[in-house]
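See below for the structure under consideration.
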Amino acid sequence: MLRVGLTGGLGSGKSTVAAFFRECGVHLLEADNIAREMMQPGQDVYRSIVETFGSSVLRPDATLDRGRLAELAFGQGRLAELNCIIHPPVIAEQERRMQEIFARDPGAVAMVESALIFEAEAGGSAPGWRERFDRIILVTAPDGLKIQRFLSRILPGDVDPERRAAAERDARARLAAQIPDAVKAPRCDYILDNAGSLETARTQAERIAAELHALARV
């Protein structure tokens, strides 16, 4: 069995690369999806967020307004508070699901896709998280390309300049809150350059996946 972390900054194309690994037989756990599940009404994480940030983060239907929450986290310097609520239970759930995978298949490769493996460790919300993985893969791309990808994902093609400028400021704030790739790279086992075509990224993922499967069977 092998525990693998897949990480990359905003707009790096990490989710696209994760899909390539899934196609190669890797068991994929998506940290964002697990967090969304735990942020639903009735969950402990949801209750803690509302207690900490107040009712202003709620929509009329009592679900969390993720946009408002992001504004408080990135725009008002409260990201560490939010991470300390979300990261520990999400990481515990990832570990539980990995154990289920290994119980079914002792030779499996279980991969956690998360943008914040190193940030969670550095920020104190998940100390020692890096050491929970046998291998780490970093997906990289130039910052300018990351921002372009982020904007194209969240904005319609005919967006007005003011809204686009606001979205770009948000993207830059999110990137600034993440550890630069140059700092993460020396602590990673694989660097997947995602500045080129999808086919190039797929080829890199297939090569890495083959190595991971071989290691898991040792």
Side-chain angles (χ1 to χ4, degrees), residues 1-10 12-40 42-46 48 83-141 178-179 181 183-194 198-218:
M1 62 180 151
L2 200 72
R3 291 175 168 83
V4 179
L6 176 69
T7 193
L10 169 140
S12 64
K14 171 176 49 61
S15 296
T16 298
V17 169
F20 296 155
F21 280 109
R22 194 199 296 272
E23 292 171 5
C24 292
V26 171
H27 295 267
L28 185 66
L29 301 175
E30 298 165 291
D32 282 352
N33 287 346
I34 295 173
R36 287 190 184 96
E37 292 173 17
M38 303 181 88
M39 292 166 70
Q40 295 302 309
Q43 300 295 317
D44 289 343
V45 169
Y46 170 91
S48 295
N83 286 344
C84 284
I85 293 171
I86 296 175
H87 287 167
V90 169
I91 290 169
E93 179 62 14
Q94 290 168 5
E95 180 63 26
R96 187 189 70 77
R97 295 187 188 190
M98 280 195 287
Q99 291 298 334
E100 288 184 346
I101 292 168
F102 296 142
R104 296 192 303 268
D105 180 5
V109 177
M111 176 179 287
V112 173
E113 177 205 343
S114 173
L116 303 176
I117 289 175
F118 291 101
E119 287 79 2
E121 180 184 60
S125 57
W129 193 19
R130 165 63 181 88
E131 280 63 42
R132 292 187 175 96
F133 296 107
D134 302 305
R135 296 291 187 275
I136 294 280
I137 303 164
L138 174 65
V139 181
T140 67
Q178 296 177 350
I179 298 171
D181 289 348
V183 176
K184 296 176 185 175
R187 299 186 65 196
C188 294
D189 302 285
Y190 301 96
I191 309 299
L192 195 155
D193 182 354
N194 194 27
L198 286 177
E199 193 54 40
T200 299
R202 184 191 298 274
T203 299
Q204 293 176 78
E206 290 173 348
R207 175 184 58 79
I208 295 170
E211 293 186 20
L212 296 176
H213 283 300
L215 287 168
R217 292 191 294 269
V218 172

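Bear in mind that the values here come from a model prediction, so they are computed numbers and not experimental data. Note: hydrogens, waters and symmetry copies are ignored here, and every other heavy atom, side chains too, is used.
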Practice task
Scan Leu138, Leu212, Val4, Ile136 and name whichever one has a side-chain contact (heavy atoms from CB on, under 4.5 Å) with Tyr190.
Solution key: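 One option only clears the test, and that one is Leu212.
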
Looking only at atom types and distance, does a side-chain atom of [X] sit under 3.5 Å from a main-chain N or O of [Y], one as donor and one as acceptor?
X	Y	answer
Asn194	Ser12	yes
His213	Cys24	yes
Gln94	Val112	no
Gln204	Asp193	yes
Thr7	Ser114	yes

Exercise for the section: Could you name each residue pair satisfying salt bridge (charged side-chain N to carboxylate O under 4.0 Å, His left out) that touches residues 102-114, not counting sequence neighbours? Expected result: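 For residues 102-114, and leaving out neighbouring residues, the salt bridge (charged side-chain N to carboxylate O under 4.0 Å, His left out) pairs sorted by first residue read Lys14-Glu113.
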
Exercise for the section: Can you tell me which residue pairs pass the salt bridge (charged side-chain N to carboxylate O under 4.0 Å, His left out) test with a partner in residues 209-218, sequence neighbours excluded? Expected result: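 Only Arg207-Glu211 qualify under salt bridge (charged side-chain N to carboxylate O under 4.0 Å, His left out).
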
Practice task
Would you please test Met1 and Gln99 for side-chain contact (heavy atoms from CB on, under 4.5 Å) and show each step?
Solution key: CA-CA 10 Å; Met1 62 180 151; Gln99 291 298 334; 5.8 Å; no

At their closest point, which heavy atom of [X] faces which heavy atom of [Y], and how far apart are they?
X	Y	answer
Cys84	Pro88	O-CD, 3.4 Å
Ala110	Phe102	CB-CZ, 3.7 Å
Glu37	Gln43	O-CG, 3.5 Å
Val90	Ala35	CG2-CA, 3.8 Å
Ala205	Leu192	N-CD1, 3.9 Å

Practice task
Please report the C-alpha distance between His27 and Val109 in whole Å, then the side-chain angles of each, then the deciding distance to 0.1 Å, and finally whether the side-chain contact (heavy atoms from CB on, under 4.5 Å) criterion is met.
Solution key: CA-CA 6 Å; His27 295 267; Val109 177; 5.9 Å; no

Side chains of [X] and [Y]: does their closest heavy-atom pair fall under 4.5 Å?
X	Y	answer
Met38	Tyr46	no
Leu215	Asp134	no
Phe21	Ile208	yes
His87	Leu116	yes

Handout entry: Under-4.0 Å salt bridge between Glu93 and Arg96
Key =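 Yes, Glu93 and Arg96 are salt-bridged.
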
What distance do [X] atom [atom1] and [Y] atom [atom2] have between them, rounded to the nearest 0.5 Å?
X	Y	atom1	atom2	result
Phe20	Glu206	CZ	CD	8.5 Å
Arg22	Met111	CZ	CE	10.5 Å
Met39	Ile85	CE	CD1	9.0 Å
Ile91	Glu95	CD1	CD	10.5 Å
Cys188	Ile117	SG	CD1	8.0 Å
Leu6	Phe133	CG	CZ	9.5 Å

Practice task
Check step by step if side-chain contact (heavy atoms from CB on, under 4.5 Å) holds for Ile34 and Glu30.
Solution key: CA-CA 6 Å; Ile34 295 173; Glu30 298 165 291; over 6 Å; no

Exercise for the section: Evaluate the side-chain contact (heavy atoms from CB on, under 4.5 Å) criterion for residues Arg132 and Arg3: first the C-alpha distance (whole Å), next the side-chain angles of each, then the deciding distance (0.1 Å), finally the verdict. Expected result: CA-CA 8 Å; Arg132 292 187 175 96; Arg3 291 175 168 83; 5.6 Å; no

